[in-house]
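Worksheet for the structure shown next.
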Amino acid sequence: MKRVFLLPVLTAAVVLLAGCGNGSSGADGDRPRVVAAMYPFAFVAEQVGGSFVDVDNLTSPGVEPHDIELAPRQVGAVQDADVVIFEKNFQPAVDDAIDQADRGKDDTVDVSDIVTELPATEDGAGAIDPHTWLDPKNMVTVTNAVAETLSTADPAHAKAFRANAETLVAQLDDLDTSFETGLRTCERRTIVTSHAAFAYLADRYDLTQVPIAGIDPSSEPSPRDLADITQMVRAEGITTVFTEELVSPAVARTVAKETGATTATLDPIEGLGDRTSDQTYLTLMQRNLTAIRAANSCS
């Protein structure tokens with residue numbers, strides 16, 4: 001991953017922005033400003049905050065979030081926000097901006113602090129999978145944390161934040177039930193994915209993830225790894241190799257062509273793209289469920 005080093009000129013810009021104050025609470029009549037590092041956290045902030053907050057997503061639509069670089073305006077937004085929602089050790093540029101802003105725990109939700117993190121692969125070796133939101137139960141935890149943090153930032157609307165959170169939690173619980181029911185009886189329980197983004201989904205619903213690439217979706221498998229995956233797809237009768245919206249499908253299509261499998265989309269929901277701009281986290285997760293059920297012949 002590329003790390004973003006904030007140069008002295010950028011630091012000066014942040015200081016000037018900080019001079020405007022560290023955000024303003026709803027008690028002053030202005031809506032709290034929430035900065036979310038990426039789409040799933042922005043979705044939660046919008047659902048919980050409703051019309052009482054302004055939400056800024058640091059990862060633009062269509063942009064793969066792993067290696068984003070922040071413009072000076074975005075670094076200033078992190079400094080100036082009333083609430084920041086992020087996941088440490090996923091987006092280095094965001095981590096750098098938060099470290100420089102010297103934010104406290106009362107106005108920052110670090111998802112890595114409130115959910116149980118999992119390794120990207122079943123052998124437990126290598127990197128932690130940052131895609132925590134692909135387990136709806138983790139999103140319940142995030143929702144409740146965001147509601148509490150917003151209530152601290154804007155006590156006048158705490159009741160509304162908590163009510164909105166209860167609504168979203170009910171929807172997430174229904175989503176979890178749909179996955180549990182829909183994947184209870186399947187001919188196969190293996191999913192072959194473009195990159196190692198689905199550890200939480202697999203762990204929650206008793207699936208086995210076989211990723212073609214690692215945590216970084218831009219990395220390519222070695223010829224040996226590609227041969228092993230191709231052999232496994234043939235041996236286990238895998239019918240579908242999953243591609244993603246924001247990652248090139250070339251390697252996945254190669255595996256599918258070599259084995260006679262088809263391709264389908266399994267979205268890690270890192271962000272919205274041109275073809276998913278009218279969707280939400282909830283509808284994309286339902287699409288994922290439909291895709292897995294079809295690929296694994298679930299009854």
Side-chain angles (χ1 to χ4, degrees), residues 32-50 52-59 65-66 68 77-78 81-91 94-95 97-98 103-118 120 128-154 157-180 197-205 267-272 279-286 288-289:
R33 286 169 287 181
V34 181
V35 168
M38 54 184 300
Y39 169 71
F41 307 147
F43 169 78
V44 172
E46 289 166 352
Q47 297 301 304
V48 175
F52 298 115
V53 302
D54 292 321
V55 180
D56 182 16
N57 182 359
L58 294 177
T59 304
H66 289 73
I68 65 165
V78 172
D82 294 285
V83 173
V84 175
I85 312 167
F86 81 117
E87 186 170 332
K88 193 172 183 179
N89 298 323
F90 180 27
Q91 298 169 290
V94 176
D95 290 354
I98 288 173
R103 302 191 65 91
K105 289 187 177 295
D106 288 344
D107 58 9
T108 304
V109 177
D110 178 359
V111 173
S112 70
D113 279 344
I114 59 176
V115 303
T116 300
E117 294 184 303
L118 298 175
I128 294 296
D129 184 353
H131 303 82
T132 54
W133 54 89
L134 292 177
D135 180 345
K137 288 300 186 184
N138 283 342
M139 284 290 269
V140 168
T141 300
V142 174
T143 297
N144 289 328
V146 169
E148 290 306 307
T149 305
L150 283 176
S151 297
T152 299
D154 182 6
H157 296 111
K159 185 176 180 180
F161 297 146
R162 292 183 177 117
N164 290 343
E166 288 178 4
T167 298
L168 180 55
V169 165
Q171 293 172 324
L172 292 167
D173 286 342
D174 287 344
L175 177 66
D176 178 56
T177 299
S178 294
F179 267 84
E180 285 188 336
F198 296 91
Y200 296 91
L201 186 93
D203 182 73
R204 178 70 185 160
Y205 302 111
D267 199 331
I269 320 183
E270 296 173 340
L272 301 180
Q279 300 296 311
T280 70
Y281 168 84
L282 295 170
T283 62
L284 289 173
M285 284 291 284
Q286 287 288 357
N288 282 346
L289 173 58

message: Please determine whether side-chain contact (heavy atoms from CB on, under 4.5 Å) holds for the pair Val44 and Ile85, giving the CA-CA distance in whole Å, both sets of side-chain angles, and the decisive distance to 0.1 Å.
response: CA-CA 10 Å; Val44 172; Ile85 312 167; 5.8 Å; no

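- Here Phe161 pairs with nothing under the ring-ring contact (aromatic ring centres under 6.0 Å, His included) rule; sequence neighbours left out.
- Between Leu168 and Val140, every side-chain heavy-atom pair lies at or beyond the 4.5 Å cut-off.
- Applying the salt bridge (Lys or Arg N to Asp or Glu O under 4.0 Å) rule to Glu148 yields the partners Arg162; only residues at least two apart in sequence or on another chain are considered.
- For the pair Ser112 and Glu117, the tightest heavy-atom approach, listed with the atom from each and the gap, is CB-OE2, 3.3 Å.
- Contacts of Thr132 classified as side-chain hydrogen bond (donor to acceptor under 3.5 Å, both in side chains), with partners at least two apart in sequence or in another chain: Glu87.
- No donor-acceptor distance shorter than 3.5 angstrom exists from the side chain of Asp56 to the backbone of Val35, with no hydrogens or angles considered.
- No donor-acceptor contact under 3.5 angstrom links the side chains of Gln47 and Thr280, judged on distance only.
- Between Pro32 and Phe52 the shortest heavy-atom distance is CD-O, 3.1 Å.
- Residues satisfying the side chain to side chain contact (heavy atoms under 4.5 Å, CB included) criterion with Asp176, sequence neighbours excluded, are Pro136, Lys137, Glu180, Arg204, Tyr205.
- Side-chain atoms of Gln91 come within 3.5 Å of backbone N or O of Pro65 as a donor-acceptor pair.
- No donor-acceptor pair under 3.5 Å is formed between the side chain of Asn138 and the backbone N or O of Val115.
- Between Asp154 and Leu150 the shortest side-chain heavy-atom distance does not fall below 4.5 Å.
- Aromatic rings from Tyr200 and Trp133 are positioned such that their centres are separated by 6.0 Å or more.
- Under a 3.5 Å cut-off, the side chain of Thr59 and the backbone N or O of Ala37 do form a donor-acceptor pair.
- The minimum heavy-atom distance linking Asn164 with Gly49 is given by the pair ND2-C, 4.2 Å.
- Looking only at side-chain heavy atoms (C-beta outward), Val111 and Phe86 stay at 4.5 Å or farther from each other.
- Here the side chains of Val78 and Val94 are not in contact, with every heavy-atom distance at 4.5 Å or above.
- Note that CG of Leu175 and CD of Gln286 are 5.5 Å apart. Values are rounded to the nearest 0.5 Å.
- To the nearest 0.5 Å, atoms CG (Leu282) and CG (Asp174) are separated by 9.5 Å.
- Separation of atoms CG (Asp54) and CD (Glu46) is listed at 10.5 Å; rounding is to 0.5 Å.
- Here the shortest heavy-atom pairing between His131 and Ala197 reads CB-O, 3.2 Å.
- In this structure, CG on Asn144 lies 9.0 Å from CD1 on Ile114, to the nearest 0.5 angstrom.
- Atom CG in Asp135 sits 8.0 Å away from atom CG in Leu201 (nearest 0.5 Å).
- Between atom CD1 of residue Ile68 and atom CD of residue Glu270 there is a gap of 11.5 Å, rounded to the nearest 0.5 Å.
- Here the side chain of Asp95 pairs a donor or acceptor atom with the backbone of Asn89 at under 3.5 angstrom.
- Under the rule for a salt bridge (Lys or Arg N to Asp or Glu O under 4.0 Å), the partners of Lys105 that lie at least two apart in sequence or sit in another chain are Asp113.
- Take Tyr281 and apply the ring-ring contact (aromatic ring centres under 6.0 Å, His included) test, not counting sequence neighbours, and it matches Phe43.
- Annotation for Val53 and Val55: closest pair CG2-CG2, 3.8 Å, computed over non-hydrogen atoms.
- Contact record, Asp267 with Leu134: O-CD2, 4.2 Å, taken as the closest heavy-atom pair.
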field: Steps toward side-chain contact (heavy atoms from CB on, under 4.5 Å) verdict (Thr143, Val48)
entry: CA-CA 7 Å; Thr143 297; Val48 175; 3.8 Å; yes

